[in-house]
K.L.:
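So that we are looking at the same thing, I have put the structure below in structure tokens.
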Amino acid sequence: MVNIIDYKPYMDNDCKLYVDVNENRLKDGRIVPLSFVWEDGCRYKIDKVLDARPAASLKAGGAGLRYTVRVGSREAYLFLEEDKIGARWFMEKAIPNS
Amino acid sequence: MLHHPKLRGRPVAVGGSVEERHGIILARNYEARPYGVKVGQALWEARQKCPDLIIVPPDYDKYLRFSRMFRSILHDYSPQVEPFGLDESWVDVTGSLNLFGNGKAIADEIRERVKFELGITVSVGVSYNKIFAKLGSDIKKPDATTVIAEDNFREVIWPLPAAELLGVGRATQVKLSKYRIKTIGDIATCDVALLKRWFGKWGIFLHTFANGLDESPVAEAGEENVVKSVGNSTTCPRDLENDMDAHIVFQNLAESVAERMRDLGLQARTVEISLRNNELFRFTRQTTLPRPTHISGELCSAAMRLLRENHKWEKPLRSIGIRGTNLVPIGSTWQLSIFEDEAKRERAEKLEYAIDDIRRRFGHFAIERAFMRSDPKLGKLNAKDENVIHPIGYL
């Protein structure tokens, strides 16, 4: 029998945070995120979507549509990623430019 | 690696399931290479060479999704994208040079985009024919562009070992070395008549490939869907020892093949089975059906008939496969038989479509034939969804 190193501990990902997002689906197919619930349980309003493009997140591990959003005075990335479960939103735990 | 940052920098390989006896290395990262971990190696062998190797299970869904995203990037540069397996493609950018710059510029842009959008690195070979483009992509890895032009291919390609050339497999390589042909240059400069004598028609192809004279076009998008055969095979979770075992697996595979043919709007006139026994001896047999079919029961019956005629169970079978070839579109006309109950056949057809529908809505295992349950280990195969597409032969 092969003695295989348990891979499971390496599969955890502390930087990837799946979040609940309120979104607006426009008739032209675009999806505009309006607010999200952070891990502290608070809902944060997205003041502006600054950019949206396909991109990978090396920090959190994942790839999909990356929205650069402004929340108050901060900018954050919000990723819409498709996986087995469906399209899910995730964020990187450390917010860039903060 | 992208999805599990903790794995980065460690020797990692994707391995098949040991329990289901697919216990081989399917892919490995660059950190695992220096240890001698190779694709196709048994897991125990790989672990012997690299005790710290982390072996993760395959995630076929994710692989398919990334393959789709990768191809969609390529389609931004040309409609002529011809996949070679799931993770390689040829792209003819001749018509896009005015839009995007020269071949190298396009290759570099594609590399950058794939890195940025998918988080994975790719190697690109730029050349004036498909053989050299593929060779170029293998020369410098993991994140590089290699240009092979008409004026430098002799210096770049000819010193490479003959085995690097597309079309030179293990058997050809052994034969070539017997004739003291070691490099691609040796093939290129060898008398074509000799190559033909040694390898038949294939020898002429090899000579053409090595001299950069291959002119096969890159298929237009959609052309790759011209399917010549639909098949499925599997290495079984345990050796098959009698007709009943084989029937369960053949039915399973036939359902997948039939469903995929129906999805493609095709039906098969010929059924081919491939058998490999526990000593890894492999052979194929085929039979022509009285009329084309996409009904799994008919495919399975033909497969079982071939099996009974050609295998006497002196040795158990390790893996079996079934393939529908000689394909014709559904709705083609054929001679009806007065000895067959047409209404019964139509009912069988309707039943298959109904099963397709149920499976599409509720998953593969929502509906199964009862006899699949007689051996849960063999019966649990979901051949269609787990179907792995390997690179098709070049010709």
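Note that these values count all heavy atoms, side chains included, but never hydrogens, waters or copies made by symmetry. Just so it is clear: chains get the letters A, B, ... in the order the sequence lines come, proteins before strands, and each one is counted from 1. Keep in mind the model is a prediction, meaning the values are calculated, not measured.
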K.L.:
Heavy-atom distance under 4.5 Å between the side chains of Ile106(B) and Val124(B), does that happen here?
P.N.:
no

K.L.:
In residues 60-69 of chain A, which residues are in contact with chain B at a heavy-atom separation under 4.5 Å?
P.N.:
Ala60(A), Gly61(A), Gly62(A), Ala63(A), Arg66(A)

K.L.:
So, Arg318(B) versus Thr235(B): side-chain donor-acceptor pair below 3.5 Å or not?
P.N.:
no

K.L.:
Heavy-atom pairs under 4.5 Å with chain A - which of Ile73(B), Leu118(B), Val12(B), Ile120(B) has more of them than the others?
P.N.:
Leu118(B)

K.L.:
Is the side chain of Gln80(B) donor-acceptor paired with the backbone N or O of Val218(B) at a distance under 3.5 Å, no angle test?
P.N.:
yes

K.L.:
Give, as side chain, backbone, both or neither, the part of Arg113(B) having an atom under 4.5 angstrom from any heavy atom of chain A.
P.N.:
neither

K.L.:
With distance as the sole test, does Gln41(B) use its side chain to make a donor-acceptor pair with the main-chain N or O of Gly36(B) at under 3.5 Å?
P.N.:
yes

K.L.:
Pro34(B): what forms a side chain to side chain contact (heavy atoms under 4.5 Å, CB included) with it, not counting sequence neighbours?
P.N.:
none

K.L.:
Looking only at side chains, do Trp89(A) and Glu23(A) share a donor and an acceptor under 3.5 Å apart?
P.N.:
yes

K.L.:
Say whether, by atom type as modelled, one donor and one acceptor occur between the side chain of Arg359(B) and the main chain of His364(B) under 3.5 angstrom.
P.N.:
yes

